[in-house]
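So that the names make sense, note that chain A is the first sequence line, chain B the second, and so on, each numbered from 1.
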Amino acid sequence: MHGSHGDLDLSIENVAKIEGHTNLDIVVRGGQVMDVKLKISENKRFYTQAIRGKPFASMPQLVSRICGTCSIAHLTCCIEAVENALHFDPSPQTTLLRRLALAGLMIRDHALHLYFFSLPDVLGIDSVLELADSNPALVKTAFEVKAAGNALSTLVSGRAIHGTIQMVGGFANVPTREQSAAVLAKLKAVRPAVLDLIKVYAEWPETFLSESNYVALVTQNYDFLEGEIMDSRGVCVPEKHFWNHLNRVIIPYSNATGFQFEGQPYKVGALARMNLNRGKLHRDTRASASDSLKLFPSKNVFHNNLAQAIEVLHCLDSAVEILESTDFRKEPVPRLAPRAGEGIGVIEAPRGILYYLLELDKAGNVVWGNLVIPSAQNQINMERDIGDFLPKLLGQPKEEIAYALEKLIRAYDPCMSCATHFLKVNWL
Amino acid sequence: MVFVAAPKKLRVGIFSFTGDEGCVITLLEALNYKFFEWKDKIDIVYARTLRSKNDASNLDLAFVEGAISAPAEEAKLREIRANSKVVVAIGTCAINGLPSAQRNNFPDGLKKEIQPLVQKLGQFERMKAPTEVVKVDEQVPGCPMLETGFVQVVEKYIAQMEVG
C-alpha cells in the first residue's frame, strides 16, 4: 500500500489460471472503494459479423471456434437455433447424444478448472504441477478425471475440441457397444476421486457471501438442454423470450458487452444451476453428495467450485446410465430444406446460459445473429462482488489483496475467449 | 561425497495470442497421458493457464497459439523469439492466421462496419499470423492442433537434448 493511510491503487494485469485475458483496476481513497474496473482485454475476432452470409450447415463448425474449452456448448446451442429456424425436431436418440456431449464437456471443463485453476488456491500453492513429486497421486487423479471427460466427448462428438460428428439435424456417427464399454470403464473408475473432490470443496472455508440474483435454465433431468429460465426470485421466462428480459450494457473499458436481467446484475453458471435446480440431479449423485447438497442454496461465491464438483459427479452418473441403457443405431442425418426465419437456441454451457438467435434467409444463409455469452452476463455482477469483497481485505499487504481478488475471480471461472479471453490486475 | 549434476530439462513456454485457446486445451489433453513420462525432461516455466509465477527467459521450446491482432502482441511475440531457441507455431491461427484473422477476408461492407471498433481497440488494420512476424522453427497444423503432432515435436527435442 502506498499514499496516505487507507489509500490503495491496485492494478492486476492478466489474471492467471483463467481462460483468456483480463485486467483489474482498483482505486481506494480514505478506506472507501472509489472505483473497480474489470477490463476484459481479449482482442475481438468479430464472430458476430463473420457468420453473416454463411450457409446454415457451416455454422456449427464456425462458431465452435469462438471457444476452445467449451466448443461443444457453442456447437450444440447453434445447432438448436438453426433447427428451430428450420422447424426441425431432432430425434430422441439425437437428444440423448447431445446430453452425453454436454456431460463430457462439463466433466472435462469443470475438472480443468477445479484441479488446475482453483485447487492451487485451496492448497496455497501456485500450480498443481508443483506436486508432481510430493503428491503424484493427486496430479495423476487430476489428469484422469479430465481424461474421462475427454474420452466421453471423443466418443460422442468425435473429439473434445471442435468435435466433427455433431451436425445440424443429428450425428454423423454413433458410439458402438465396444466403444461405449471402454468409456464406461473410465467414467466409473474416476467416481471415487470425484467424491473426494466434492469433499475438498465442501470443506474449503473460503467464504464471500454475495447478494446475487441467480439465473439458470431449469431443466427436467439437469441435462443443460431444455427447460425454462428461472431466477432466485421466482421469475420464469420461456427460452425464446430470454432476450426480452435482458439489457445490453456497454462497458467502455471492457472489450466485452455486459448484461442485466430484469434491469439488475445477475449471476449464471454452476452455482446458479445448483441453487435453482439441484432437486433434478441424478439420484445417485443426490445420494452420494447429500451432505454437500445441504449447503445449497448458497450465497457463497466460492461455492461455485463445489457446485461444479457436484455437477461432475452428476454428469458421470447420467452418462453411465445413458451409455449402459442405450444401443445406439446409426440414423441418417437429414438434409434440411432452407427456409427464411429466425431460430433461438438456449442451453447451459459450463459457465452458464448460452443464447443464440440466428436469422436465416430463404436460401438458408445467415442474415444476422445475436449471441449472449455466460462470462459476459456475469461481468457486471463479478465487478460488483469485487467491490463488495474489497473492504474486507483492506489493511492487508497489497500482494495479499491481489491474491484474494484473483481467487474470487477464479471462483467465477470466467472465460474471456468467450466473453470476447482472462485477467490482468494493473497496479496503478 | 559424490556430486551429481542436476538432470537437464527443456525449458518450455506456452503463449496464447488472439484465438480461442483450443490449442492450449489440446496441449493439456496431451499431458493427461504424457505428463509423468515427461516430468523429468521438460519444465513448463511459462503457462498462464497453469501458474501465476511465470518465467519467459531462456526458453528451449516456445509454443505459440493464436493470431497477432495488436502492436502489444507483436512486441511480445518478438520478445519470445529473442528468448527462445525453438519457436513452434501450434494450430492454424499461428500458422496462417485463420480462423481468428477471418476479418482480413471480410467483404468491404463488413470491414467498414467493424472499422470503428478495430480502431478504438487499437487492433491492427490487418491481423497477422505469427509466422509472418517472426521466424518459426516448427509448425503443428490443425484446428485445434493435432495432438500427435505436438507430442512428436516435444519428443524430438527431448531426444536431441538427451543426445546432445
Does some side-chain heavy atom of B/T18 sit less than 4.5 Å from a side-chain heavy atom of A/K44?
no
What part of B/L110 gets closer than 4.5 Å to chain A, counting heavy atoms only: side chain, backbone, both or neither?
side chain
What distance do A/N43 atom CG and B/F17 atom CZ have between them, rounded to the nearest 0.5 Å?
10.5 Å
Does CZ in A/R248 sit with more than 12 non-hydrogen atoms of other residues, nucleotides or ligands closer than 6.0 Å?
no
Please check if the number of heavy atoms outside B/K34 that lie under 6.0 Å from its NZ is greater than 12.
yes
Any heavy-atom pair between the side chains of B/S52 and A/Y403 that's under 4.5 Å?
no
Check B/D20 against A/I66 and note the closest heavy-atom contact, atom names and distance.
CB-O, 3.5 Å
Criterion side-chain contact (heavy atoms from CB on, under 4.5 Å) on B/K111 and A/Q49, from CA distance to verdict
CA-CA 9 Å; B/K111 267 194 184 147; A/Q49 287 79 14; over 6 Å; no
Give the minimum heavy-atom separation between B/K39 and A/A132, together with the two atoms involved.
CD-CB, 3.7 Å
Step by step, work out the side-chain contact (heavy atoms from CB on, under 4.5 Å) result for B/F36 and A/V139.
CA-CA 9 Å; B/F36 282 98; A/V139 181; 3.8 Å; yes
Rounded to the nearest 0.5 angstrom, the CD1-CE distance for A/I161 and B/M145 is 8.5 Å
For A/K186, does the NZ atom sit with more than 12 other heavy atoms under 6.0 Å from it, leaving out its own atoms?
no
Given that the side chain runs from C-beta out, which part of B/L31 has a heavy atom under 4.5 Å from chain A: side chain, backbone, both or neither?
both
Does B/R51 offer a backbone N or O that forms a donor-acceptor pair with the side chain of A/D126 under 3.5 Å?
no
Pairing of A/R159 and B/E147 as salt bridge, 4.0 angstrom limit:
no
Rounded to the nearest 0.5 Å, what separation is found between the CD atom of A/E144 and the OH atom of B/Y33?
15.0 Å
Where does B/Q123 contact chain A at under 4.5 Å (heavy atoms): side chain, backbone, both or neither?
side chain
Check: B/I25 and A/L112 side chains under 4.5 Å, non-hydrogen atoms
yes
Look up atom CZ in A/R65 and atom SG in B/C93, then write down how far apart they are to the nearest 0.5 Å.
9.0 Å
Check: A/R45 main-chain N/O paired with B/Q102 side-chain donor or acceptor under 3.5 Å:
yes
Residues in ring-ring contact (aromatic ring centres under 6.0 Å, His included) with A/F116, at least two apart?
A/F143
Looking at every heavy atom in both A/F46 and B/L117, which two are closest together, and how far apart are they?
CE2-CD2, 3.9 Å
Counting only heavy atoms closer than 4.5 Å, note whether A/L62 contacts chain B via side chain, backbone, both or neither.
side chain
Given 3.5 Å as the limit, does a donor-acceptor pair link the side chain of A/K146 with the main chain of B/L28, or not?
yes
Quick check on the interface: out of B/E73, B/R103, B/K53, who has the most heavy-atom pairs with chain A under 4.5 Å?
B/K53
Could you give the distance from CG (A/D133) to CG (B/D40), rounded to the nearest 0.5 Å?
6.5 Å
Option in A/A160, A/P136, A/P120, A/S71 with maximal non-hydrogen atom pairs under 4.5 Å from chain B:
A/P136
